[in-house]
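Below is one structure; the comments refer to it alone.
Within every chain, numbering begins at 1; the chains are lettered A, B, ... in the order of the sequence lines, protein sequences first and strands thereafter. From a predicted model like this one, the values you see are computed outputs, not experimental measurements.
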2 protein chains.
Amino acid sequence: MESLRLDNQLCFLLYAASRRMTQLYRPLLDELGLTYPQYLVMLVLWEDERGEGVPVSHVCSRLKLDTGTVTPLLKRLEEHGQVARRRSSGDERVVRVYLTEAGRALEAQAADVPAQLLCQTRSEPERILHWRSELQALLRQLEAASG
Amino acid sequence: MESLRLDNQLCFLLYAASRRMTQLYRPLLDELGLTYPQYLVMLVLWEDERGEGVPVSHVCSRLKLDTGTVTPLLKRLEEHGQVARRRSSGDERVVRVYLTEAGRALEAQAADVPAQLLCQTRSEPERILHWRSELQALLRQLEAASG
DNA sequence: CGATATTATATTGTGCACAATATATCAGGG
DNA sequence: CCCTGATATATTGTGCACAATATAATATCG
């Protein structure tokens with residue numbers, strides 16, 4: 001059944017490439033004491049937290065993950081001292097996530113992770129930009145799909 | 001820090017696209033009683049198991065997963081009656097995985113899953129072929145990287 | 001104002017991923 | 001034949017993902 005051949009499946013290529021990418025990040029992130037999903041949360045906070053904290057829902061929507069994944073992730077980051085969590089005074093339903101000093105300081109350490117990865121994969125920067133736009137288009141197409 | 005912007009990261013695009021793809025498969029695979037990784041195992045077996053069974057190591061290498069993931073996956077497929085597992089008579093170290101009648105019959109039911117997905121994403125077939133070759137190249141590049 | 005619906009987060013349960021380790025079998029050299 | 005190392009699979013422990021449900025706070029409508 002030709003249509004079911006594993007290597008013809010876009011889905012498997014995405015799945016394999018994504019896992020492989022995570023594996024390449026692992027040794028670099030180990031030095032920062034972060035897992036890969038924790039690193040993604042920190043990317044969001046470094047970009048969006050301006051001292052006033054961001055709601056849990058904001059982290060969820062940026063990463064397209066639900067609270068069942070994000071809440072325990074944030075708790076582990078809190079245990080490790082990278083973030084703090086406080087209920088918003090305005091709306092008691094909302095929990096705001098803050099960077100601690102340590103969490104903020106980690107950004108400098110993480111600054112050259114993307115370059116190190118680029119170097120490790122020996123990719124031309126323009127090749128990366130090409131794949132980035134291809135993947136952005138693919139992701140848009142997938143997100144437009146019903147389901 | 002521009003280099004750390006979430007949406008610039010190839011890694012996040014892969015991660016998000018892969019999860020989104022899995023989400024699109026879920027309702028279709030629910031009808032077959034399979035999870036997405038279980039579906040991938042079945043793809044390997046439908047393609048490579050010719051009645052004589054395939055070693056666990058073969059499934060691992062095709063899917064690039066280790067035994068810590070694959071062994072429990074195969075046990076769940078066995079519980080659900082899709083596969084059988086027997087130690088090889090020649091080499092008692094290897095466990096061979098066989099399709100059951102039910103497992104073999106499931107291939108016909110799965111035959112139109114790829115087409116349904118194509119339809120759901122409203123993608124031109126040539127667009128898919130394009131992304132497939134792009135992702136094959138990206139995966140090769142990632143696998144060539146040390147680490 | 002009070003009942004109802006909505007929103008934000010948390011919890012529970014199942015199934016991956018993967019590092020690290022364990023166990024059992026086999027292969028080769030002395 | 002025994003010892004040593006290699007090979008194949010399984011087990012353990014941690015951390016995601018996500019569906020389903022629970023809980024609490026807020027908004028809305030009659």
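One can find a donor-acceptor pair under 3.5 Å joining the base of D/dA10 and the side-chain atoms of B/Thr67.
Between A/Lys75 and C/dT9, a side-chain N or O to OP1/OP2 separation shorter than 4.0 Å is absent. Note on B/Gln23: a side-chain N or O is less than 4.0 Å away from OP1 or OP2 of D/dC18. Side-chain N/O atoms of A/Thr69 include none lying less than 4.0 angstrom from OP1 or OP2 on D/dA17. Look at B/Ser57 and you'll find a side-chain N or O under 4.0 angstrom from OP1 or OP2 of D/dT9. A close approach under 4.0 Å does not occur between any side-chain nitrogen or oxygen of A/Lys64 and OP1 or OP2 of D/dC18. Residue B/Thr71 places none of its side-chain N or O atoms closer than 4.0 Å to OP1 or OP2 of D/dT11.
Along DNA chain C, the nucleotide closest to A/Tyr15 and the one closest to A/His58 are compared, and the more 5′ of them pairs with A/His58. Residue-to-nucleotide proximity on DNA chain D shows that, of B/Arg19 and B/Arg96, the 5′-proximal contact is made by B/Arg96.
For B/Arg93, the side-chain atoms get nearest to C/dC26 when compared with the rest of C/dG15, C/dC26, D/dC16. When distances are taken from the side chain of A/Arg85 to each of C/dA10, C/dT25, C/dT7, the shortest belongs to C/dA10. Checking D/dC16, C/dC16, C/dC26 against the side-chain heavy atoms of B/Gln38 singles out C/dC16 as nearest.
In this structure the side chain of B/Leu63 never reaches within 4.5 angstrom of the side chain of B/Thr69, judged on heavy atoms.
Following rounding to the nearest Å, A/Leu74 (CG) and C/dA8 (C1') show an atom-to-atom distance of 14 Å. D/dA19 atom P lies 10 Å from atom CG of B/Asp30, rounded to whole Å. Atom-to-atom, CD of B/Glu92 to P of D/dA6 comes out at 23 Å; the value is rounded to the nearest Å.
Ring geometry for A/Tyr36 against A/Tyr25 counts as tilted: the plane angle lies between 30° and 60°, on a 0 to 90° scale.
To the nearest 0.5 Å, atoms CG (A/Leu73) and CD (A/Glu78) are separated by 12.5 Å.
In this structure a side-chain-to-backbone donor-acceptor pair under 3.5 Å is missing from B/Arg85 to B/Lys75. Distance alone, capped at 3.5 Å, is enough to place a donor-acceptor pair between the B/Gln141 side chain and the A/Arg122 backbone.
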